[in-house]
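This report refers to the structure that appears directly beneath it.
These values consider heavy atoms only, across backbone and side chains, with no hydrogens, waters or symmetry-generated copies. Keep in mind the model is a prediction, meaning the values are calculated, not measured. Every number for a ligand or one of its atoms is a count from 1 in the order of the listing. In what follows, residues are counted from 1 in the order of the sequence shown.
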Amino acid sequence: MDYKTNVDYRKKTLIKLLDKVLLYESEIINALYEDFKKPAFEAILTETSYVVAELKDTINNIKKWAKPKKVLPSLLNFPSTDYLYKEPYGKVLIIAPWNYPYQLALCPLISAVAAGNQVVLKPSELTPNTAAILAKIIAETFNPEHVSVVQGGVEVSKDLLAKRWDYIFFTGSVPVGKIVAKAAAVHLTPVTLELGGKNPCIVDETANLKLAAKRIVWGKYINAGQTCIAPDYILIQKDMKDKFITHLKNEITLAYGKTPKTSPDYARIINVKNWSRLSEMIDPDKVIFGGETDKDDCYIAPTLIAETNLDSLVMKDEIFGPLLPILTYASDADLHTIISRYEKPLSLYVFTENKSFAHKIIANYSFGGGCINDTVVHFSNKRLPFGGVGHSGIGAYHGSLSFDVFSHKKGIVKKSNWLDLPMRYAPYEGKLKTIRKLLKWI
Ligand code: NAD
């Protein structure tokens, strides 16, 4: 049980984990490529280097984060010194998705270990190569009673959820998130649910259209659109539509060439099931760019769709693929009609040079997090909590916050004995006036 009480032991295991992830970096990158042709650049940017940075930050700060913190005492308790102790929850289950299968498995694991928990990790069955290398790294680093990997599909996940845990950290879809929440409710197990949503991307008439197009194309088509915080659909001010579409087309061609299928920088759809789901959303009459597909290769081109119908397949649920519907708006009321039709999204983006418009959007709509004049990059700041709200999730993590996610915070009052104010003790007669005054001060 060293991991529970001994912070040095936890730190040592994390240093060992750092050595392993550095040792196996090229195997991890290969596994990600084997799983769905994730380009090496994207694997390094969004997966391996992210995990290394998270590990280094945790190793450097674990002592500080784990230490009991003094907080200001209440006058009512005078004389006392008050503390906040962080206690590991105990047994933690982490269920990971396939789209960033390495990073989204290891980052919560690092924090759960740092906070002193026992961890069972269930990687996604849809990325078996990555799951295998994760299992190898964990087996070579940890005592299996401390941290272990359980590989398998939905049935394995269900079996795990049927057991009793002290904390469940789930990243995945909204429907499975609800299954996890139900299973957790049986034992009143606390959860973090990192889910998805339909993320709006608003571009107004003052926006720098060329730069907006470049940043949207990057955020949308990285990982072939299979990113929980990718822009799901565009809302462009109606007079800007044609100009903006020209910029989008140019930027896609600049990034992936005239035949994105041959680009080394463009990933594939995870499997045929998802390829079919996405292909069905493509209405050829509405395609204004791209639209090519290849089932054998699980390929779908970066695609722009001129959309006007909110009841179309592509506007029904989270797309989670390289299809980008473009809708127009003429007024704030139009924006409201479209955005509020959907559950609270995981992210929202607004491209504008108009500060008050940006602030109005941020104040008027509820969403997990987002950017003004960029996409996706809020994920990279460890000082910003990352998580959804409403249907896009419960809880948030990253940086020091992740340590707190996996810690129960115990409030402790350490009372001094040199003085014992008689005010609170019965008999109460004659004390009410003084206690009222005292209560006003705190
Ligand atoms: P998913 O919900 O299908 O699967 C996630 C995990 O749950 C997998 O490990 C899977 O084995 C398990 N699972 C699947 N069905 C289950 C069931 N019926 N019972 C118990 N466990 C089950 O999600 P996915 O397809 O892997 O990932 C895509 C989704 O995840 C998208 O909706 C995306 O927005 C979301 N996502 C969210 C974040 C975030 O940080 N908020 C990050 C990545 C992905």
Of Val174, Val176, Thr171, Leu195, the residue with the heavy atom nearest atom 5 (C) of ligand 1 is Thr171

Please determine whether ring-ring contact (aromatic ring centres under 6.0 Å, His included) holds for the pair Tyr3 and Phe142, giving the CA-CA distance in whole Å, both sets of side-chain angles, and the decisive distance to 0.1 Å.
CA-CA 11 Å; Tyr3 49 84; Phe142 295 98; 9.7 Å; no

Which residue supplies the protein heavy atom nearest to atom 19 (N) of ligand 1, what is that atom called, and how far is it?
Lys158 CG, 3.7 Å

Under 3.5 Å, N or O to N or O, is Leu346 touching ligand 1 that way?
no

Apply ring-ring contact (aromatic ring centres under 6.0 Å, His included) to residues Phe406 and Tyr397 and explain how you reach the verdict.
CA-CA 10 Å; Phe406 292 104; Tyr397 70 130; 8.0 Å; no

Interfacing atoms of ligand 1 (cut-off 4.0 Å, heavy-atom, Glu125):
10 (C), 11 (O)

Any N or O on Ser173 sitting closer than 3.5 Å to an N or O of ligand 1?
yes

Compute the shortest N/O to N/O distance between Ala96 and ligand 1 and return yes if it is under 3.5 Å, no if not.
yes

Nearest heavy atom to atom 18 (N) of ligand 1: which of Leu126, Asn99, Ile179, Leu161 does it belong to?
Ile179

Within 45 degrees of the axis of the six-membered ring of Phe170 and under 6.0 Å from its centre: does Lys122 put its NZ or CZ there?
no

Indicate yes or no: does Arg341 engage Asp311 in a salt bridge with an N to O separation below 4.0 Å.
yes

For ligand 1, which atoms, with element, lie under 4.0 Å from some heavy atom of Pro97?
26 (O), 27 (O), 43 (C)

Which ligand 1 atoms does Gly196 reach within 4.0 Å, using its non-hydrogen atoms?
34 (O)

Can you tell me how far the CG atom of Leu23 sits from the CD1 atom of Ile28, to the nearest 0.5 Å?
9.0 Å

For atom 12 (C) of ligand 1, which protein heavy atom lies nearest, and how many Å away is it?
Ser157 OG, 3.7 Å

For a salt bridge (Lys or Arg N to Asp or Glu O under 4.0 Å) with Asp232, tell me which candidate from Lys220, Lys198, Lys316 qualifies.
Lys198

Among all protein non-hydrogen atoms, which one is nearest to atom 17 (C) of ligand 1, and what is the separation to 0.1 Å?
Val154 CG1, 3.5 Å

Is there a polar contact, in the sense of an N or O pair closer than 3.5 Å, between Lys122 and ligand 1?
yes

The closest protein heavy-atom partner of atom 26 (O) of ligand 1 is Trp98 CD1, 2.9 Å

Should Phe170 be listed as contacting ligand 1, given a heavy-atom distance under 4.0 Å as the test?
yes

Ser124 heavy atoms, cut-off 4.0 Å: which ligand 1 atoms fall inside?
9 (O)

Assess Lys249 against Phe289: is NZ or CZ under 6.0 Å from the centre of the six-membered ring, and within 45 degrees of the ring's axis?
no

In this structure, atom 34 (O) of ligand 1 is nearest to the protein heavy atom Glu318 OE2, 2.6 Å

Output the list of atoms in ligand 1 that are nearer than 4.0 Å to some heavy atom of Ile95, sorted by atom number.
6 (C), 7 (O), 9 (O)

With a heavy-atom distance limit of 4.0 Å, tell me whether Leu104 approaches ligand 1 through its side chain, its backbone, both, or neither.
side chain

How far is atom 33 (C) of ligand 1 from the closest protein heavy atom, and which atom is that?
Phe320 CE1, 3.4 Å

Taking only Lys NZ, Arg NE, NH1 and NH2, and the carboxylate oxygens of Asp or Glu, determine whether Glu251 and Lys210 approach each other closer than 4.0 Å.
yes

Taking atom NZ of Lys241 as the centre, report whether more than 12 heavy atoms of other residues, nucleotides or ligands fall under 6.0 Å from it.
no

Ion pair check, Lys63 and Asp8, cut-off under 4.0 Å
yes

Charged N to carboxylate O below 4.0 Å: is that the case for Asp334 and Lys238?
no

Matching residue for Tyr50 among Tyr102, Tyr100, Phe379 - test: ring pair (Phe, Tyr, Trp, His ring centres under 6.0 Å)
Phe379

Considering heavy atoms of the protein only, find what lies nearest to atom 39 (C) of ligand 1 and give residue, atom and distance to 0.1 Å.
Cys228 SG, 3.4 Å

Quick check on the 6.0 Å ring-centre criterion: do Trp218 and Tyr349 meet it?
no

Without hydrogens or angle criteria, can the side chains of Thr206 and Asp204 be said to hold a donor-acceptor pair below 3.5 Å?
yes

Would you mind checking which non-hydrogen protein atom is closest to atom 40 (O) of ligand 1, with the distance to 0.1 Å?
Phe386 CE2, 3.3 Å

Under 4.0 Å from a heavy atom of Glu194: give me the atoms of ligand 1 that qualify, with their elements.
37 (C), 38 (C), 39 (C), 40 (O), 41 (N)

Check contact between Gly393 and ligand 1, using heavy atoms of the residue and a distance below 4.0 angstrom.
no

